[in-house]
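Down below is the structure, laid out as structure tokens.
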Amino acid sequence: MVPTTTNTEPLRVRFAPSPTGYLHIGGARTVLFNWLLARRAGGTFILRIEDTDQTRHVEDSVQKILEDLRWLGLHWDEGPELGGPCGPYFQSERLDTYNRYLQQLLESGHAYYALETQEQLQALRATGERTTGGFRYRRPDPVPTVEEGLAARAAGRQIVVRFKMPEEDIVVSDIILGEVRLPAEQLEDFVLQKGDGFPTYHFACVVDDALMRVTHVLRGQEHLMNTPKHVALQRALGFPTPVYAHLPVIFNLDGSKMSKRDKEKALARGEAPPEIDVHDFRVAGYLPEALVNFISLLGWSPGEDREKLTLDETVALFSIDRVGKTNARFDREKLLAFNTDWATRVTPPRLLEALRDFLAVNPDVPSAMREAAEETLAEVLRVCTGFRTFPDVIRKAGFLFVPDEAIVYDDKAVKKVLAKNEGEGYAVLRKLLPALADLADWSAAGVEAFLQHTCSDRNVQLGKIAQPLRVAVSGTTISPSIHETLALLGKARTITRIERCLQSV
RNA sequence: GCCCCCAUCGUCUAGUGGCCUAGGAUACCGGCUUUUCAUGCCGGCGACAGGGGUUCGAAUCCCCUUGGGGGUGCCA
């Protein structure tokens with residue numbers, strides 16, 4: 001049995017992204033489960049930045065990841081901006097620490113300098129692929145001495161340090177997958193320190209998890225094969241082995257990986273790019289409540305046919321025991337349904353706050369809408385119920401925020417509602433105009449009463465009047481209910497728009 | 001190639017030997033509500049991958065096959 005940390009010490013988990021861009025939706029699910037476990041157990045959630053690959057580092061991505069986490073409502077207890085007792089929380093600032101442990105491994109004979117060049121390894125790998133179908137690094141016998149390694153480095157060569165993998169099967173104990181045995185012959189001497197002096201992921205991760213006293217490691221299943229390396233390293237370093245839980249992976253509906261490249265591919269086909277990063281969903285007008293609820297159900301279920309849960313309820317219900325082993329597919333239709341529902345269950349002030357955030361991050365909204373008064377936006381939300389995402393609100397009420405002279409009339413709407421039957425719709429507008437101009441009570445209720453009376457007086461369906469008005473003021477057949485629309489627009493602008501519409505005949 | 005993981009409606013899942021003629025959600029289809037677009041409500045369609053065992057009894061346990069995923073980097 002692999003020794004694991006005892007469960008008497010306080011639970012500590014971490015999320016350790018590398019700064020290569022925005023937070024990926026798969027990463028979001030991993031953070032979420034870590035965060036949920038920490039909150040559920042009253043433990044600590046650590047955020048650590050794994051910036052050990054200088055070549056892949058993307059400018060500003062740390063800030064972007066932090067912002068995504070905050071938007072999701074998943075706040076960290078230790079990490080960037082907050083600090084904490086186990087800092088620094090950027091691996092690039094911990095090089096001395098890694099070097100100290102590297103020395104220890106070198107001295108105890110657990111590690112050695114490996115002198116092969118990248119080109120040599122590449123060649124070996126290529127022939128290995130061709131002949132046996134695979135390549136496994138063979139430890140030199142004898143291994144180069146420390147002096148030889150140092151001498152090669154002094155000569156300007158990029159020399160790596162490898163770990164002496166023990167020649168024994170390693171059993172990884174995973175609370176989701178059970179015990180997984182990895183045969184010794186599959187394991188090889190992996191690199192601890194790269195030619196540029198930076199630690200590899202394996203090394204930095206093991207050292208940091210131990211030093212930051214991480215008790216539980218929840219990560220994607222793609223890391224399962226890394227775990228024996230980590231376990232062996234922990235033993236060599238005298239570190240405890242944390243509890244491991246490898247989470248199932250999230251794919252596209254067609255089974256392919258959800259990758260940033262999907263966006264480029266869709267763009268190349270002239271299609272709308274799919275949301276892949278958390279930020280994409282934010283810009284697309286989703287509520288974090290819905291997104292978090294939805295991804296919490298990918299690989300986890302509270303049972304009892306429950307689905308709609310707030311973050312707090314999820315915390316109260318969360319348990320790794322109920323995390324499944326099966327990979328999941330990301331169904332955007334279902335997310336859309338969740339978002340539609342969440343838009344009706346959050347409080348109006350919260351919805352307004354979310355709308356403001358959407359208006360701030362989405363570049364394609366009418367600029368007047370960003371400057372609109374709180375009360376106006378609140379009214380818009382009140383009359384736009386039934387939307388799926390915020391762009392639906394823009395589609396339905398955006399015309400309220402463009403200048404009267406900028407209204408464009410949709411051809412189909414004009415034909416169907418105004419021009420048909422020898423301009424029947426226009427005739428309605430002409431008749432209505434003076435009466436509307438005389439209307440004293442321009443509240444929604446006042447307008448509604450007026451329209452109702454007009455209908456019964458002329459013995460027509462409300463649609464006969466509402467639709468021409470709708471097209472006249474919005475340019476389309478889509479808007480909130482007609483009385484709310486006119487009330488929101490105001491009398492003057494309504495009249496102006498109707499007159500302009502009539503002039504366009 | 002080798003190693004590892006996984007397998008219930010199209011999709012997310014409930015189910016841990018009898019409560020299952022398999023439940024919920026979403027999607028789809030039909031109906032209702034409605035001044036537009038939506039929303040909402042009601043109903044319907046729809047799955048235990050295949051084959052062997054074990055057992056009085058299997059979606060649940062075991063084996064094989066098939067299918068899917070991951071690993072096989074000086075990426076993380």
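Lettering of chains follows the sequences in order, A, B, ..., and the numbering in each one begins at 1. Note that the coordinates shown come from a computational prediction; the quantities given were computed from them, not determined experimentally.
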(request) Could you work out the separation of B:A58 and B:G53 based on their C1' atoms and round it to a whole Å? (result) 12 Å
(message) Ignoring hydrogens and geometry beyond distance, is a side-chain donor-acceptor pair present between A:R125 and A:Q122 at under 3.5 Å?
(response)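 No donor-acceptor contact under 3.5 Å links the two side chains.
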(request) Classify the side-chain pair A:Y98/A:D208 by whether it contains a donor and acceptor separated by less than 3.5 Å. (result)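 Short answer, yes.
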(request) State, yes or no, whether a side-chain contact exists between A:I250 and A:R29 at a heavy-atom distance under 4.5 Å. (result) yes
Pairing partner of [N] (Watson-Crick or G-U wobble, both distances under 3.5 Å):
| N | value |
| --- | --- |
| B:U36 | none |
| B:C61 | B:G53 |
| B:C2 | B:G71 |
| B:G43 | B:C29 |
| B:C48 | none |

(message) Out of the candidates A:R395, A:K396, A:R388, only one should pair with A:D392 under the salt bridge (Lys or Arg N to Asp or Glu O under 4.0 Å) rule; please name it.
(response) A:R395
(message) A:E289 vs A:N339, test: side chain to side chain donor-acceptor pair (under 3.5 Å). Steps then yes/no.
(response) CA-CA 8 Å; A:E289 286 87 343; A:N339 202 72; over 6 Å; no
Tell me the interatomic distance from [X], atom [atom1], to [N], atom [atom2], rounded to whole angstroms.
| X | N | atom1 | atom2 | value |
| --- | --- | --- | --- | --- |
| A:L317 | B:A14 | CG | P | 13 Å |
| A:F190 | B:C75 | CZ | C1' | 15 Å |
| A:I482 | B:U34 | CD1 | C1' | 15 Å |
| A:I478 | B:U35 | CD1 | C1' | 14 Å |
| A:K325 | B:C12 | NZ | C1' | 19 Å |

(request) Scan A:P480 against the nucleic acid and name what it touches under 4.0 Å (heavy atoms): base, sugar-phosphate only, or nothing. (result)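 The residue A:P480 makes base contact.
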(message) Any base atoms under 4.0 Å from A:F294, or only sugar-phosphate, or nothing? Heavy atoms, all strands.
(response)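 Nothing: the residue A:F294, judged by heavy atoms under 4.0 Å, touches no strand.
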Does [X] contact [N] through a side-chain donor or acceptor facing the base, at a distance under 3.5 Å?
| X | N | answer |
| --- | --- | --- |
| A:E222 | B:G71 | no |
| A:D331 | B:G10 | yes |
| A:D305 | B:G23 | yes |
| A:K396 | B:C37 | yes |

(request) Measure up the A:H202 and A:F190 rings against each other and bin them: parallel (under 30°), tilted (30 to 60°), perpendicular (over 60°). (result)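 Because their plane-to-plane angle is over 60°, the rings of A:H202 and A:F190 count as perpendicular.
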(message) Would you call the rings of A:F330 and A:F294 parallel, tilted or perpendicular, taking 30° and 60° as the class edges?
(response) perpendicular
(request) Strictly below 4.0 Å, heavy-atom distances to any atom of RNA chain B: list the hits from residues 463-470 of chain A, or just say none. (result)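 Contacts with RNA chain B under 4.0 Å: A:G463, A:A466, A:Q467, A:R470.
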Between [X] and [N], does any side-chain N or O lie under 4.0 Å from OP1 or OP2?
| X | N | value |
| --- | --- | --- |
| A:R125 | B:G73 | yes |
| A:R136 | B:G73 | no |
| A:K412 | B:C37 | no |
| A:K334 | B:G10 | no |
| A:T52 | B:A76 | yes |
| A:R162 | B:C74 | yes |

(request) Would you mind telling me which residue lines up with the more 5' stretch of RNA chain B, A:G134 or A:N226, judged by nearest nucleotide? (result)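 Looking at the nearest nucleotide for each, A:G134 comes out on the 5' side.
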(request) Indicate, with yes or no, if the rings of A:Y101 and A:F203 have centres closer together than 6.0 Å. (result) no
(request) Could you tell me if the ring centre of A:F390 sits under 6.0 Å from that of A:F387? (result)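 Yes - the distance between ring centres of A:F390 and A:F387 falls below the 6.0 Å cut-off.
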